[in-house]
Every structure is written in C-alpha cells, then in structure tokens.
Amino acid sequence: MKYSNFFIPTFRENPSDAKLKSHILMLKSGMIKQETSGIYSWLPLGFKVLKKIIKIIEDTHDSHGINQILMPTIQSSDIWKMSERYDTYGKEMLRIIDRNNKELLYGPTNEEMITSIGKHFIKSYKNLPRYFYHIQSKFRDEIRPRFGVMRAREFLMKDAYSFDKDEKSGELTYENFFKLYLSIFEKLGLKIIPVRAPSGEIGGSLSHEFHLLLETGESKIFIDETFLNSNFSKLKIPEIKSINSFTDELYDSLKISKCLKQLKSTELGHIFLFGEKYSKSFDFKIDYNNEKIYPYMGSYGIGVSRIPAAIIELSNDNNGIIWPKEVAPFEITLINLTSDNVSTKLFCEQLYASLKKSNYDVLLDDRFERPGIKFSDADLIGIPIQIIVGKNFIDKKEINIKTRKDLNETTICSDNIFKFLKKMKV
RNA sequence: CGGGGAGUAGCGCAGCCUGGUAGCGCAUCUGUUUUGGGAACAGAGGGUCGCAGGUUCAAAUCCUGUCUCCCCGACCA
C-alpha cells in the first residue's frame, strides 16, 4: 500500500476527550473516529489491525472444525421471550419497534438465535457435536461507555456456540475451546490468564474468563501468584474446573480463604457451558437411541474490537504505538525522505515491488512531506520496521533500518536489504 | 442514576466575570525559499459561538429551558 493512497488522518495534538493511552493513540493515529458515545467508525489503519486479529481468530476456528456463519445484528423479540431473557436483560438491550409495531432488538449476544437455528436443522444425536461461530457487531447499552473501543456500546465480538449430546461430551468441547482460546491469545502475542467466573445472565454452571493483566484495566482478578508463569494448555476438565484464579465477583461469593493476589486486568474472552438451559426453553429435542434429549450447549466469546486497544495499552511509548508483529497493520514501512528525488523514488518503487513479491506487507511513504512529519507519523502508527531512504542513498547507496520497539537504527548498503531482513526474522 | 467538567473554524484553545462588529496556535489553499526528526516568509479561505426561548438599543458574554460529550462513582460483565 502506498501512503498517498491510504487514508491515515493523524493528528499532531492529543484529542481532548480521551484519557486512556490506547484511546488517545487510536484517535491520534487515525485508527478510529467516534460517532457518538460508545460507537466508533474504524478507519483504514484501524480496520487493517482488526482484520489481522480476525484472520487469526478465523484460521484457528476453521482449523478446529468450527463452522463460520453470519447471524443478523437485529433479532426478533420472540426468541428472547422464549428464553425469558426479554424481560430480565434490562436496559442494556437496545429495543427497536419496526413500522408494523413488531418488537425487534439489536442483539447483545446470540444464544437464542443459535438455539433456534439448531432446533430448525439438528434432529439427531448423530449430527452432534456441532460447532458454530460468527464475528458480528453486538450492542449493549452500557450505562457509561468509556475508554474508546475498550468499553464501547457497539462492538465486534466473536461468539461461538456448541451443541453436544450430553454433559460429558459438552465438557470435552469446553476443554477444547479453553485450549483454542489459549492458542488464539498466544498467536496474538498476548499473555492471558484464565480465571473462573460466575456464569451470570447466560446461565449454567461452568464458566471462565480470559484476562489480560493491565494496570489500566477495569476488572479485578484474584490469582495464585504461581499462575503468572504457568502453562495452562495441558489442563484437562477437572483441573480447569478447579483453577485457582477468580473474577472478583466469584471470589467474593465463594469467600475464598486462601491468600490470593489481586490484580487489575481487562477481560478479552469469556466461555460458558450452560447445558440444557436454552435447548429446554426452546423445546429443542433430538432423537437419541429410543428417547428424546435436549442438546447440551455452550457459548464462547472474544471481544474482538477490544483487542487492538488492549495491545496498545501494553505496547506504546511517548512517540506512539508499538505494534507487535503479530497484529501490526503492516510489517514494514518504507520511508522515502526525498520523494521528489528521481533516484530514491525509483529505488523505493522497485524495493516496494520486490518486498511485496516476497510477501512482505509494506507501507510505502511516498508523500511529498518533510522528513520530520514522516518520521513522527511512522513512530505514531507504530509499524515494527522502518526502512529509511534519503540523502545517504543518493550519496552512498546506504539506507537505514529502524526497529520501532527500541528505535535502534542500523545503516546498511541498499543491496543487502533482503539479507538483513531475513537476519532480523521479519 | 448521583457528583463534577465541557460545548466558540477540521484539531487544540482564549474571549464570558465587567454585554458593544469573533480571536490565537496548528491544519487547509496560493506563491517563493527550504528539505535526515512535526520549516520560514508573504498572502488567502474557513464561524447559525450546541439548540430554543427570554432580558437589552445591543448577547459568545446575563437569565431560563433543553441536547450532546467527557471524567469520578454506582451499575453491567
């Protein structure tokens, strides 16, 4: 992508309305635009990051036989009346009346809808287990939205749903999703802590949240300190059930006596095994041998649009964002400091083409801007590698490679660029 | 929902107390000179001062109402 074609409206001054570092940087780097309280547009740079995250989530789900679908944002009140959540969900649910006076709502979650889909199509235990997921906007009318996309009203969520024939099979599914989540967060470069959680509004018995430790986080979790360095990926259901870490709500209600460390965090994922709750209320029965059973269900959410903000909270400096390579909008930014010079222009165009040919995701800064502006924009938008081409190239065929993380700069001969990138393991 | 703050050019702000033709910095446009860390000079454009009503000869400024946004808390997860 060429900068001249890519819309990145950066700002020199900090936005007055934002307080959290990630919120400030997302606005300042032109990733998002607030439309109204708790509702945001994703601009090209932000959307590119979001798509990288979505791709990791999709690939991981697809490789585990989880079927991607797309359910609508607008739901009928009928299915919510069936589960009796239409009344209990409260003011967080955005209710809509259509022209025929039919009660609709903007979905805050999709258990009801997936249950109705399951009931419509699944008739036999031989079709189970079956897994579905979708990535779709949700709306929860928070009392007080804040911190940009961290706590938005409209947000993007990955929610998966499982149908099993019985509890035992359901727990195996739950265990698989538990591991799936660990691997997704690992691929995102995030060190995540699973904690036991109350199952709350959705109901059921088994529930865990996946938390990222963050000083500026809104959640509190209680964990055994040895957990900070544990590997959870080998855990089986009995161990998962008895993990020694808790959300504050569960910690309070269980009155845990053992001394646990309290830490601040942000919730990025939440999984539930709620069993027959919805299949029962929908009278969703299937044939099993010579009887009828209610499928055993679970749901598994990831707050997709919250992830970019969480990463920025962890990874930034005074100059701007520092993207980890896993989710960086581009791997490399190629900065031509002298856009009007024929030889640097030609070199950059050729290098840009061959980098793309080698499958590097590159942003070529070909703008007619002064060097200072290009440097500060590059640091602000935080692409991991900067290749800087300017006077040194014209004089000595030398270019500079800068790593955004530590701002270290190396001068190399322009012929050696690919060798150097390989050595850097970009 | 309780408490606090704010709405004036695209962004950041001053002006309001003490009413008298709406300003600054950045950004934008034109020109010249510049060009390895947010350039200089010269010129230009851009405003229903959130909205509605009231007081007044006169309202960004005073009064009343209302909408929106932000922060703290409670709530939610």
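What's counted below: heavy atoms across the whole structure, side chains too, no hydrogens, waters or symmetry copies. Nothing here was measured: the structure is a model prediction, and the numbers come from that model.
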>> Just the rounded figure in Å: distance from P of B:rC76 to NZ of A:Lys220.
In response: 14 Å
>> So A:Glu92, base contact, sugar-phosphate only, or nothing? Heavy-atom distance under 4.0 Å.
In response: sugar-phosphate
> Across all strands, who's sitting opposite B:rU34 as a Watson-Crick or G-U wobble pair, both distances under 3.5 Å?
Replying inline: none
> How many Å lie between CG on A:Asp159 and C1' on B:rA77, as a whole number?
Replying inline: 15 Å
>> What's the gap between B:rG23 and B:rU18 when it is taken at their P atoms, as a whole Å value?
In response: 24 Å
> Between B:rA22 and B:rC16, how far is it from one P atom to the other, in whole Å?
Replying inline: 15 Å
>> Run the ring-ring contact (aromatic ring centres under 6.0 Å, His included) test against A:Phe222 and tell me which residues pass, sequence neighbours left out.
In response: A:Tyr251
Please tabulate, one pair per line, all N/O donor-acceptor pairs under 3.5 Å involving side-chain atoms of residues 188-195 of chain A, not counting sequence neighbours.
residue: A:Lys191; atom: NZ; partner: A:Leu228; partner atom: O; Å: 2.2

> How long is the line joining CG of A:Leu268 and C1' of B:rA77, in whole Å?
Replying inline: 13 Å
> Who are the ring-ring contact (aromatic ring centres under 6.0 Å, His included) partners of A:Tyr181, not counting sequence neighbours?
Replying inline: A:Phe210
>> Apply salt bridge (charged side-chain N to carboxylate O under 4.0 Å, His left out) to residues A:Glu175 and A:Lys179 and explain how you reach the verdict.
In response: CA-CA 6 Å; A:Glu175 181 185 305; A:Lys179 287 174 181 159; 3.1 Å; yes
> Can you tell me how far C1' in B:rG50 sits from the matching atom in B:rU68, rounded to whole Å?
Replying inline: 7 Å
Interface polar pairs with nucleotides 24-26 of chain B, N/O, under 3.5 angstrom:
residue: B:rG25; atom: N2; partner: A:Glu13; partner atom: OE2; Å: 2.8

> Sequence neighbours excluded, which residues qualify as side-chain contact (heavy atoms from CB on, under 4.5 Å) partners of A:Ser281?
Replying inline: A:Ser83, A:Tyr278
Collect all protein-nucleotide pairs involving nucleotides 28-37 of chain B in which both atoms are nitrogen or oxygen and the distance is under 3.5 Å.
residue: B:rU34; atom: O2; partner: A:Arg370; partner atom: NH1; Å: 2.7
residue: B:rG36; atom: N7; partner: A:Lys391; partner atom: N; Å: 2.9
residue: B:rG36; atom: O6; partner: A:Gly390; partner atom: N; Å: 3.2
residue: B:rG36; atom: O6; partner: A:Lys391; partner atom: N; Å: 3.3
residue: B:rG36; atom: O6; partner: A:Asn392; partner atom: N; Å: 3.0
residue: B:rG36; atom: N2; partner: A:Glu409; partner atom: OE2; Å: 3.1
residue: B:rG37; atom: O6; partner: A:Lys402; partner atom: NZ; Å: 2.4
residue: B:rG37; atom: N1; partner: A:Asp379; partner atom: OD2; Å: 2.9
residue: B:rG37; atom: N1; partner: A:Lys402; partner atom: NZ; Å: 3.4
residue: B:rG37; atom: N2; partner: A:Asp379; partner atom: OD2; Å: 2.8

>> What's the gap between B:rA60 and B:rC17 when it is taken at their P atoms, as a whole Å value?
In response: 12 Å
> Are A:Tyr3 and A:Asn336 linked by a side-chain donor-acceptor pair shorter than 3.5 Å?
Replying inline: no
>> So, using side-chain contact (heavy atoms from CB on, under 4.5 Å) as the criterion, who are the partners of A:Ser4 when residues are at least two apart?
In response: A:Lys2, A:Asp366
>> Using Watson-Crick or G-U wobble geometry with both distances under 3.5 Å, which nucleotide pairs with B:rC51?
In response: B:rG65
>> Can you tell me the base-pairing partner of B:rU56? Count Watson-Crick or G-U wobble geometry only, both distances below 3.5 Å, and say none if there is no partner.
In response: none
> With sequence neighbours left out, what residues match A:Trp323 under ring-ring contact (aromatic ring centres under 6.0 Å, His included)?
Replying inline: none
Between protein and nucleotides 68-74 of chain B, what N or O pairs are separated by less than 3.5 Å?
residue: B:rC69; atom: OP1; partner: A:Thr36; partner atom: OG1; Å: 2.7
residue: B:rC69; atom: OP1; partner: A:Ser37; partner atom: N; Å: 3.1
residue: B:rC69; atom: O3'; partner: A:Gln34; partner atom: NE2; Å: 3.2
residue: B:rC69; atom: O2'; partner: A:Asp17; partner atom: OD2; Å: 3.0
residue: B:rC70; atom: OP1; partner: A:Gln34; partner atom: NE2; Å: 3.2
residue: B:rC70; atom: OP2; partner: A:Ser37; partner atom: OG; Å: 3.0
residue: B:rC70; atom: O3'; partner: A:Asp17; partner atom: O; Å: 3.4
residue: B:rC72; atom: OP2; partner: A:Arg144; partner atom: NH1; Å: 3.3
residue: B:rC72; atom: OP2; partner: A:Arg144; partner atom: NH2; Å: 2.7

>> Between P on B:rA77 and CZ on A:Arg306, what's the gap in Å once rounded to a whole number?
In response: 13 Å
> Could you give the CZ-to-C1' distance, from A:Phe139 to B:rC76, as a whole number of Å?
Replying inline: 14 Å
>> Using Watson-Crick or G-U wobble geometry with both distances under 3.5 Å, which nucleotide pairs with B:rC24?
In response: B:rG12
> Quick one: salt bridge (Lys or Arg N to Asp or Glu O under 4.0 Å) partners of A:Asp379, sequence neighbours excluded?
Replying inline: A:Lys402
> So, A:Glu267 and A:Ser219: side-chain donor and acceptor under 3.5 Å apart, yes or no?
Replying inline: no
> With nearest nucleotides of RNA chain B determined for A:Glu249 and A:Lys91 from heavy-atom distances, which residue corresponds to the more 5′ nucleotide?
Replying inline: A:Lys91
>> Distance check, C1' atoms only: B:rA39 and B:rU35, in whole angstrom units.
In response: 8 Å
> Starting at CZ of A:Arg85 and ending at P of B:rC76, how long is that distance when rounded to a whole Å?
Replying inline: 16 Å
>> Go through it in stages, so that I can follow the logic: the residues are A:Lys102 and A:Asp78, the test is salt bridge (charged side-chain N to carboxylate O under 4.0 Å, His left out), and I'd like the CA-CA distance, side-chain angles, deciding distance and then a yes or no.
In response: CA-CA 10 Å; A:Lys102 182 172 168 60; A:Asp78 299 347; 3.2 Å; yes
>> Under a 3.5 Å cut-off for both contacts, is B:rC1 paired Watson-Crick or G-U wobble with anything, and if yes, with which nucleotide?
In response: B:rG73
> Residues in salt bridge (Lys or Arg N to Asp or Glu O under 4.0 Å) with A:Lys33, at least two apart?
Replying inline: A:Glu35
> When the C1' atoms of B:rA74 and B:rC1 are considered, how many whole Å apart are they?
Replying inline: 8 Å
> Expressed in angstrom and rounded to an integer, what is the separation of A:Glu267 atom CD from B:rC76 atom C1'?
Replying inline: 11 Å
> How close or far is atom P of B:rA27 from atom CD1 of A:Ile8, stated in whole angstroms?
Replying inline: 19 Å
> Roughly how far apart, to the nearest Å, are B:rC13 and B:rA6 at atom C1'?
Replying inline: 12 Å
>> Suppose we screen for side-chain contact (heavy atoms from CB on, under 4.5 Å). Which residues come up paired with A:Glu103, at least two apart in sequence or across chains?
In response: A:Ser77, A:Lys81, A:Tyr86, A:Ile97
>> Using the P atom as the point on both nucleotides, what is the distance between B:rA14 and B:rA59, in whole Å?
In response: 24 Å
